[in-house]
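If you're wondering where the values come from, they're calculated on a predicted model, not measured in any experiment. Order of the sequence lines fixes the chain letters, A, B, ..., with proteins taken first and strands second; residue numbering starts at 1 for each chain.
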Number of protein chains: 2
Amino acid sequence: MSQAQDRSSARRGRPPSQKARQKALEAARGILMDEGLGRLSIEAVAARSGVGKPTIYRHWANASELAMEALMAGFPAGSGGGPAGLEAALAAQIATLTQAFATTRGRQIAMALATADPESEFTRAFRNRVLLSSREAGREMIAAAAAAGEIGAPEDIEVVLDMIYAPLLYRLLAGHQPLDAGLGPALAAGAMRCLAPSR
Amino acid sequence: MSQAQDRSSARRGRPPSQKARQKALEAARGILMDEGLGRLSIEAVAARSGVGKPTIYRHWANASELAMEALMAGFPAGSGGGPAGLEAALAAQIATLTQAFATTRGRQIAMALATADPESEFTRAFRNRVLLSSREAGREMIAAAAAAGEIGAPEDIEVVLDMIYAPLLYRLLAGHQPLDAGLGPALAAGAMRCLAPSR
DNA sequence: TTTCATTTACGTTACGTATCGTAATTAAAT
DNA sequence: ATTTAATTACGATACGTAACGTAAATGAAA
């Protein structure tokens, strides 16, 4: 009976197609790379992938969700959990992010962001998914260091967090300075000076 | 001032385009002739004519209205106003209709009707526009003849009207017998026998 | 075990409207 | 009289869903 019970949990009818889903994601990535975020639409993805619009709408609510998944799959979300010591942990976190953006995928995300309307659904979703979650992880690392007596209680943690993470986004979008290996240690050191007790 | 007043009745902004309207109608006629009523759609007309769908929807509420106008423009509506004498007037009216259906346009309409769902918007609209209005014109001719003393008051005018006009539609749709010149006099003579006082 | 019925997903085509940049007009300002 | 502003229509593209015939599955019946 257990086998019958196992079987009874199987859905009847035609199963959703993972193949169709992958084809849509690949087409979306192709459009993002070849033409840019502004050219990504459900119609364009359907035309390029051969996947019907109703099927695309079964997997994603709109073009922004699809774009997000097409770009973000496999991309680190900026979590903490680095080495001991606040400065080293912050430097490691930022290094992970800058390395991620240095990949082909990361550069494409950056390009997509640069061409997108800053108030678009996609840009807001990206900030939430990567930058704000990185920022929250940083807040937790700083709070843990203060609780351990490694630093004093920060006077204005919001400003410090912005000083750490805003340059990431700024360099990403403006492209005037590189997101290189030196950024992590520099930002971490700057944060430590900001967090040192004032004299 | 009257000129200014005349001018004030002119609409501001871009005038609706009669050219666009004619292009849509021509494309609709082309589709009806080449492919049949079932293939006429707003998308197909837009694609064939180059007229945008929003523009088509400004002129017609749906594909059925467009089809009706594409087919019916210039087609007689089955009005009365024929010669004196009921039998001659009825024969003339039916002759006008059968001649209209004998034209290329008329045959196309017939073909369009034959392939259409009998309950479709289009078929119902056709019945309203041509057959029912013909039937009402017939009713008026019969009522006028009765008022003039040419015939007695009909006992069951609805049956008589059906006997006159139903064969038109039946021959049109079934195609088993021709809509020829003999039909008008035959139906008119039959009507007169039906309208003669019973003995 | 095989066949049939039922259920759910797929892709095609169409619908009817939204948004946008451009075009064609009239009205107002200069 | 000319220029500028305002208004309305146009066509392109996209949206998100409806309807339909077909495909791919499971469950029931024979």
Side-chain angles (χ1 to χ4, degrees), chain A residues 1-28 31-32 34-67 116-117 119-122, chain B residues 1-28 31-32 34-67 116-117 119-122:
Chain A
M1 289 314 172
S2 69
Q3 193 189 22
Q5 272 180 325
D6 284 348
R7 281 210 200 92
S8 74
S9 69
R11 302 181 75 181
R12 287 188 76 178
R14 182 170 174 163
S17 169
Q18 288 308 313
K19 182 181 171 188
R21 189 172 192 287
Q22 286 308 319
K23 282 165 70 183
L25 278 171
E26 282 164 27
I31 292 166
L32 288 167
D34 296 347
E35 305 177 45
L37 184 62
R39 301 286 292 176
L40 187 117
S41 65
I42 298 293
E43 300 246 349
V45 171
R48 192 156 169 157
S49 65
V51 175
K53 287 187 355 184
T55 301
I56 294 174
Y57 279 101
R58 279 189 204 96
H59 291 284
W60 302 278
N62 52 46
S64 290
E65 271 195 25
L66 174 51
D117 178 357
E119 294 314 309
S120 73
E121 196 76 21
F122 176 82
Chain B
M1 288 316 166
S2 69
Q3 191 189 22
Q5 272 180 322
D6 283 350
R7 281 210 201 91
S8 76
S9 69
R11 304 180 73 179
R12 289 186 75 172
R14 184 170 173 163
S17 170
Q18 288 309 311
K19 183 180 171 189
R21 189 173 192 287
Q22 286 307 318
K23 282 165 72 182
L25 278 171
E26 282 163 27
I31 292 168
L32 287 166
D34 296 348
E35 306 177 45
L37 182 64
R39 302 286 293 175
L40 187 118
S41 65
I42 297 293
E43 300 247 349
V45 172
R48 190 154 170 159
S49 64
V51 175
K53 285 184 0 181
T55 301
I56 294 175
Y57 279 100
R58 279 190 203 98
H59 291 283
W60 301 278
N62 52 46
S64 291
E65 271 195 24
L66 174 53
D117 178 358
E119 294 314 311
S120 73
E121 194 78 18
F122 176 84

Between D:dT13 (C1') and A:I31 (CD1): distance, integer Å | 14 Å
A:R58 side chain near C:dC10 phosphate (N/O to OP1/OP2, under 4.0 Å) | yes
Starting from the C-alpha separation in whole Å, work towards a yes-or-no answer on side-chain contact (heavy atoms from CB on, under 4.5 Å) for B:V51 and B:V45.
-> CA-CA 8 Å; B:V51 175; B:V45 172; over 6 Å; no
Roughly how far apart are A:L25 CG and A:S49 OG, rounded to 0.5 Å?
-> 9.5 Å
What's the verdict on side-chain contact (heavy atoms from CB on, under 4.5 Å) for B:R48 and B:D34, showing C-alpha distance, side-chain angles and the deciding distance?
-> CA-CA 12 Å; B:R48 190 154 170 159; B:D34 296 348; 2.7 Å; yes
Length of the line joining B:R39:CZ and C:dT13:C1', which is rounded to integer Å | 9 Å
Rounded distance (Å) that lies between atom C1' of D:dG11 and atom CZ of B:R21 | 18 Å
Nearest-nucleotide 5' precedence on DNA chain D, B:T55 against A:A63 | B:T55
Here the gap from A:K23 atom NZ to A:E26 atom CD, rounded to the nearest 0.5 Å, amounts to 9.5 Å
When you check the phosphate oxygens OP1 and OP2 of D:dA14, does a side-chain N or O of A:S41 lie under 4.0 Å from one of them?
-> yes
When rounded to whole Å, the OH to C1' distance for the pair B:Y57 and D:dA14 reads 15 Å
Tell me which nucleotide among C:dA14, D:dA9, D:dC15 gets nearest to the side chain of B:P16.
-> D:dA9
How long is the line joining CZ of B:R14 and C1' of D:dT7, in whole Å?
-> 13 Å
Could you walk me through whether A:L32 and A:L37 pass the side-chain contact (heavy atoms from CB on, under 4.5 Å) check?
-> CA-CA 5 Å; A:L32 288 167; A:L37 184 62; 3.4 Å; yes
How many Å lie between CD on B:E43 and C1' on D:dG11, as a whole number?
-> 14 Å
Classify the side chain of A:R12 and the base of C:dT6 as holding, or not holding, a donor-acceptor pair under 3.5 Å.
-> yes
Between atom CD in B:Q22 and atom C1' in D:dC10, what is the gap in whole Å?
-> 17 Å
Can you check whether A:S17 has a side-chain N or O nearer than 4.0 Å to OP1 or OP2 of C:dA9?
-> no
Rounded distance in Å - NZ (A:K53) to C1' (D:dC15) | 6 Å
